[in-house]
2 protein chains.
Amino acid sequence: MVREYGCDMRGMLSFQILWLVSKKPMHGEQIAEEIRKRRGEKPKAGTIYPALKEMSSRKLIKGRKSGKTITYSITPAGEKAVSQAITYFVRSFGDIFKSA
Amino acid sequence: MVREYGCDMRGMLSFQILWLVSKKPMHGEQIAEEIRKRRGEKPKAGTIYPALKEMSSRKLIKGRKSGKTITYSITPAGEKAVSQAITYFVRSFGDIFKSA
DNA sequence: TGCTATATATAGGACATGCTATATATTTAA
DNA sequence: TTAAATATATAGCATGTCCTATATATAGCA
């Protein structure tokens, strides 16, 4: 996926999902589509749903089912996590971003 | 490492190394120290040297040995790779930075 | 009522990351 | 010249990511 550029950027998926959900409650397909807009490739169902499930089990997000969709929103624990993750992210990679 | 915050940020190591080396030729220990400044934790020897070796084998960086140190600098292929990776990075995660 | 599209779930696996532990080479200090 | 510190190398492994393939449930339309 990103290997062509000489580096992977895996491991950022949960962070990005958490950030997206912190901005606006969304269901899986919407989240996948938002990621596609940014990365150029849409995560597959087998990628997105296990990630959502795992984050739910860790109480970072919670889902409310309505019909065939499950809308996820962030929990207080998720808010705290995303805030700390952003701090780490900016501290770690901020200068790369500034150099662009 | 970042798990405490609710997300991992693995997979960014090679990208960060490549970016650092593109700014200034460095040897392994210097690179590890630069990463420590940013992330708070210094990658272990067993992390940094295999990564450097792999990137050398892909001709993204090249090392020149002098005494006990090997100073790595970026190659033309590495320049191209880091430039594309930065573009992808900003496109994918730029709005997270802006939100911080 | 069937047909199709949408949304979610999950097993199983390929692959990469980054670790621990250990080993070796080189430099410096005693 | 030993001893200690520094720099690099590598085997082996636990973990996590994200995939393919497949299955199920719901919704909307003919």
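Numbered from 1 within each chain, the chains take letters A, B, ... in sequence-line order.
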TODO: Compare side-chain N and O positions of B:Tyr49 against OP1 and OP2 of D:dA9 and report whether any pair is under 4.0 Å apart.
DONE: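 Answer no for this pair, as no side-chain N or O of B:Tyr49 is under 4.0 Å from OP1 or OP2.
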Open item on the list: Can you see if the side chain of A:Lys53 gets near the phosphate of C:dT10 - specifically, an N or O under 4.0 Å from OP1 or OP2?
Closed with: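 For C:dT10, OP1 or OP2 has a side-chain N or O of A:Lys53 closer than 4.0 Å.
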Show the nearest heavy-atom pair for residues [X] and [Y], with the distance to one decimal.
X: A:Ser92; Y: B:Gln16; answer: O-NE2, 2.9 Å
X: A:Leu60; Y: A:Ile74; answer: O-CG1, 3.5 Å
X: B:Trp19; Y: A:Ser99; answer: NE1-OG, 3.0 Å

Open item on the list: Over all strands shown, is A:Gly46 touching base, sugar-phosphate only, or nothing at heavy-atom distances under 4.0 angstrom?
Closed with: base
TODO: Would you mind classifying the nucleic acid contact of B:Leu52 as base, sugar-phosphate or nothing, using non-hydrogen atoms under 4.0 angstrom?
DONE: nothing
Find the distance [X]:[atom1] to [N]:[atom2] and express it as a whole number of Å.
X: A:Gln30; N: C:dT8; atom1: CD; atom2: P; result: 8 Å
X: A:Ile35; N: D:dT17; atom1: CD1; atom2: P; result: 13 Å
X: B:Arg64; N: D:dT8; atom1: CZ; atom2: P; result: 15 Å
X: B:His27; N: D:dT6; atom1: NE2; atom2: P; result: 11 Å
X: A:Ile48; N: C:dA9; atom1: CD1; atom2: P; result: 12 Å
X: A:Arg39; N: D:dT17; atom1: CZ; atom2: P; result: 12 Å
X: B:Leu13; N: D:dT15; atom1: CG; atom2: P; result: 20 Å
X: A:Ile17; N: C:dT8; atom1: CD1; atom2: C1'; result: 14 Å

- [ ] Any chance you could measure B:Lys62, atom NZ, to B:Ser56, atom OG, to the nearest 0.5 Å?
- [x]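 Spacing of NZ (B:Lys62) from OG (B:Ser56) equals 10.0 Å.
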Open item on the list: Identify the stems formed by DNA chain D, where each pair is Watson-Crick or G-U wobble with both distances under 3.5 angstrom and a stem is at least 3 consecutive pairs.
Closed with: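 As far as DNA chain D goes, consecutive pairing (with distances under 3.5 Å) yields the stems C:1-30 with D:1-30.
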- [ ] May I ask you to decide whether A:Asp95 forms a salt bridge with B:Arg38, counting only side-chain N to carboxylate O separations under 4.0 Å?
- [x]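 Looking at B:Arg38 together with A:Asp95, the answer is yes, because their closest N to O distance falls below 4.0 Å.
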Open item on the list: Between A:Glu33 (side chain only) and A:Gly28 (backbone N and O only), is there a donor and an acceptor less than 3.5 Å apart?
Closed with: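 Answer holds: no.
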Open item on the list: Heavy atoms from C-beta onward define the side chain here; which of C:dT8, D:dA7, D:dC18 lies closest to that of A:Ile70?
Closed with: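 The nucleotide sitting nearest to the side chain is C:dT8.
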Open item on the list: From C-beta outward on B:Lys44, which listed nucleotide comes closest to its side chain: D:dC18, D:dT10, C:dT20?
Closed with: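 The closest nucleotide is C:dT20.
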Open item on the list: In this structure, is the centre-to-centre distance between the rings of A:Phe93 and B:Phe93 below 6.0 Å?
Closed with: no
- [ ] Could you tell me if the ring centre of B:Phe89 sits under 6.0 Å from that of A:Phe97?
- [x] no
Task: Residue from B:Lys37, B:Gln30, B:Arg36 passing side-chain hydrogen bond (donor to acceptor under 3.5 Å, both in side chains) with B:Glu34 - done: B:Lys37
Could you pull out the protein-nucleic contacts involving nucleotides 22-30 of chain C (nitrogen or oxygen on both sides, under 3.5 Å)?
none

